[in-house]
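The chains referred to below are lettered A, B, ... by the order of the sequence lines, with proteins before strands, and numbering in each begins at 1. Just so it is clear, the values below take in all heavy atoms, side chains as well, and ignore hydrogens, waters and symmetry mates.
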Amino acid sequence: MDFLISIIMSDLENRVGGKNFIYGIVDEDLRCGKNGGKVVTRFPPEPNGYLHIGHAKSICLNFGIAEDYSGSCNLRFDDTNPTTEEQKYIDAIEEAVKWLGFDWQGRLFYASDYFARFFEFALFLIKAGKAYVCDLTADQIRTHRGTLTEPGKDSPHRNRTVEENLDLFLRMRAGEFPDGAKVLRAKIDMGAANLNMRDPVIYRIRHAMHPKTGNQWAIYPMYDYAHCVSDALENITHSLCTLEFEDHRPLYDWFLNQLPMLPHPQQIEFARLNLTYTVMSKRKLLELVESKLVNGWDDPRLPTLVGVRRRGFTPEALRIFCQRIGITKQESLIDMGYLEECLREDLNFRAPRVMAVLKPLKVIITNFDGDAIDYLPAPNHPQNVAMGSREIAFTREIYVERDDFMEQPSPGFFRLKPGGEVRLRYGYIVKCNDVVKDAQGNVIELHCTYDPRTRGGNSVDGRKIKGTIHWVSAQTVARAEVRLYDRLFEVPNPMQQRSKDFKEFFNPTSLVVLRDCFVEASLKQAKAEDKFQFERLGYFCVDYDSRENGLIFNRTVTLKDSWIKVRC
RNA sequence: UGGGGCGUCGCCAAGUGGUAAGGCACUGGAUUUUGAUUCCAGGAUACCUAGGUUCGAAUCCUAGCGCCCCAGCCA
């Protein structure tokens with residue numbers, strides 16, 4: 001079965017997507033014999049938060065290329081800023097990459113593994129006259145940097161001697177100066193049109209506890225310096241990052257040009273992922289969590305990997321999606337519907353079918369014996385007999401969906417209505433004879449008769465029954481809480497109106513909790529993350545908080561519904 | 001007004017001078033005990049705009065226009 005799944009999945013993955021402009025570059029490098037014919041990539045998250053779907057795009061790209069070229073992909077934590085990074089994020093990131101189905105094959109590294117080497121190379125830069133210690137404050141550095149249209153001014157410390165720089169830098173390392181007192185800067189060009197080249201800071205003083213190196217260091221390297229050197233030390237051949245780093249590439253190349261003992265990986269940039277009806281930046285997600293609009297980082301409404309996992313997404317769906325959206329340099333805003341479609345495609349393939357009634361309406365089968373139970377066979381998947389079948393109980397009292405009954409049916413409505421017939425899925429054809437109401441006129445119960453000749457739902461006399469509805473036996477059901485999740489925001493692009501706080505577009509009905517749902521008895525043993533299709537409703541999965549006597553399901557995504565279009 | 005990018009169907013995206021792939025969405029139709037799935041069919045005289053080169057341009061040249069990113073001792 002797994003084998004079959006993998007064949008079908010690989011077929012799905014091949015159906016669309018695949019090559020992109022980066023493959024073109026790699027192919028050309030290989031053709032020229034660059035990098036000794038090797039391809040090594042890396043996924044380099046900073047452990048300062050949880051991964052989201054945007055990271056999944058990068059993970060699929062980096063591990064995907066490595067796989068396609070029989071190369072390797074390293075997982076590297078870019079942990080150069082001790083004030084924002086934590087071990088819990090490291091653990092969560094490792095878990096997320098594994099869950100997505102990728103294997104770094106033991107190639108797990110930390111930028112902090114190279115702190116001593118970074119330091120040695122910094123000494124080399126100082127001795128080469130390419131770096132200097134600067135005493136300017138952060139504010140002064142900013143004003144000296146100039147503006148987008150005006151060149152910067154040289155720091156007064158720019159021409160310190162190598163000896164003085166060496167002495168000062170060693171003392172920075174020794175912890176002799178307080179945070180912010182001094183920095184090490186690259187000596188490049190304060191008049192450069194690219195701001196990143198105006199003597200960027202490469203080391204700052206931080207008397208802080210680092211999750212990996214503790215208090216061993218008082219100075220920490222900046223991203224621009226640490227990243228390219230880390231890539232070189234790991235023999236990365238292609239360093240893939242997002243578009244906003246394009247302006248940093250000259251600096252990436254500058255450092256490596258000053259360090260001729262190191263290989264020189266190629267940085268290639270691609271567009272980050274944006275999705276409608278959500279936000280995709282750590283800062284925004286943090287705001288949602290801290291404002292309590294959502295319940296933590298794994299809230300099923302969030303695009304975090306822990307969130308979508310809890311929501312019921314499969315790693316396969318995410319991979320199909322990443323494959324299909326492609327990799328380009330064009331900034332895009334991808335329709336959430338596209339992601340949902342990839343999800344449905346995978347879930348349709350793997351989720352067993354089951355019946356559940358979310359908003360119950362009691363139905364009495366008046367001509368069915370009150371003590372009898374008729375066990376009816378029901379396939380677990382209509383297109384895949386290999387998934388087997390189960391028996392569902394048919395009894396005198398059952399529940400159907402309130403929405404499947406209309407006292408005054410609108411045109412085209414072919415479910416239950418007074419005097420009408422409908423098929424109970426895998427059950428019998430029933431006819432609605434009486435509508436029972438309470439004092440306020442609310443429909444509280446339906447009285448129907450069943451046609452015993454139609455067991456299994458087959459019409460024996462050739463009469464056409466257009467409607468088939470789901471149902472559960474009132475005698476044997478399990479009660480459940482069902483959490484209906486919908487889009488996080490009410491507008492496709494909550495970031496579009498810059499004047500407004502994006503949180504104003506939060507969708508107040510993004511979570512609706514239904515506490516009196518009934519699910520068929522076979523679901524009593526379902527475990528967290530188990531996925532099902534509730535027939536005619538959507539895909540649901542068992543929440544982590546679910547217990548055998550207190551089942552909780554999350555709605556992952558609804559089924560496509562063309563009736564809703566007719567109705568509106 | 002500096003520098004770096006990007007502009008091909010509603011949303012993605014192929015295309016690298018030879019006469020516009022594909023996916024999603026949409027619209028028809030078929031099958032269906034999920035108004036699901038599956039299947040079949042449909043669509044850019046047109047590639048930001050305007051000129052130009054060429055037998056021929058989305059692809060080359062020129063000039064515009066639009067959008068994104070950059071002034072952290074964040075990554």
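- Not a single donor-acceptor contact under 3.5 angstrom links the side-chain atoms of A/Q383 to the base of B/rU38.
- Here A/S562 lies in heavy-atom contact (under 4.0 Å) with sugar-phosphate atoms only.
- Take A/N274 and apply the side-chain contact (heavy atoms from CB on, under 4.5 Å) test, not counting sequence neighbours, and it matches A/L333.
- Remark: A/T468 in residues 461-473 of chain A come within less than 4.0 Å of RNA chain B through at least one heavy atom.
- For A/E535, the salt bridge (charged side-chain N to carboxylate O under 4.0 Å, His left out) partners at least two apart in sequence or on another chain are A/R425.
- For B/rA75, its base never sits under 3.5 Å from the side chain of A/E85 at any donor and acceptor pair.
- A/K329 pairs by the salt bridge (charged side-chain N to carboxylate O under 4.0 Å, His left out) definition with A/E246, A/E269, not counting sequence neighbours.
- A/Q383 is linked by a side-chain hydrogen bond (donor to acceptor under 3.5 Å, both in side chains) to nothing, counting only residues two or more places apart in sequence or in another chain.
- Here B/rG35 is the nucleotide among B/rG72, B/rU37, B/rG35 with the atom lying nearest to any side-chain atom of A/R536.
- With a glycosidic angle further than 90° from 0, B/rG17 counts as anti.
- Residue A/E150 is out of contact with every strand shown, counting any heavy-atom pair closer than 4.0 Å.
- Remark: A/R198 pairs with no residue by the salt bridge (charged side-chain N to carboxylate O under 4.0 Å, His left out) rule, at least two apart or across chains.
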Show the distances under 3.5 angstrom between N or O atoms of the protein and N or O atoms of nucleotides 41-44 of chain B.
none

### Task
Treat primed atoms plus P, OP1 and OP2 as sugar-phosphate and everything else as base, then score nucleotides 8-17 of chain B 5' to 3': B for base contact with protein heavy atoms under 4.0 Å, S for sugar-phosphate contact only, - for none.
S--SSSS---
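- In this structure, A/D247 has no salt bridge (charged side-chain N to carboxylate O under 4.0 Å, His left out) partners at least two apart in sequence or on a different chain.
- For B/rA75, the base has a donor-acceptor partner in the side chain of A/H248 [N/O atoms by modelled type, under 3.5 angstrom].
- With sequence neighbours left out, A/S389 forms a side-chain hydrogen bond (donor to acceptor under 3.5 Å, both in side chains) with no residue at all.
- Classified by interplanar angle (parallel below 30°, tilted 30° to 60°, perpendicular above 60°), the ring pair A/Y220/A/H210 is parallel.
- Taking the side-chain hydrogen bond (donor to acceptor under 3.5 Å, both in side chains) definition, one finds that A/T468 meets it with A/R423, sequence neighbours left out.
- Between A/R272 and B/rC68 there is no side-chain N or O to OP1 or OP2 distance below 4.0 Å.
- A donor atom on one side chain and an acceptor atom on the other are not found under 3.5 Å apart for A/S332 and A/Q330.
- By the side-chain hydrogen bond (donor to acceptor under 3.5 Å, both in side chains) test, A/T304 pairs with no residue at all, sequence neighbours left out.
- Comparing A/N348 and A/D247, the nucleotide of RNA chain B nearest to each residue sits closer to the 5' end for A/D247.
- Contact annotation: A/R249 side-chain N/O to B/rC70 OP1/OP2 distance is not under 4.0 Å.
- Checked by distance alone, A/R353 brings a side-chain donor or acceptor within 3.5 Å of a matching partner on the base of B/rU34.
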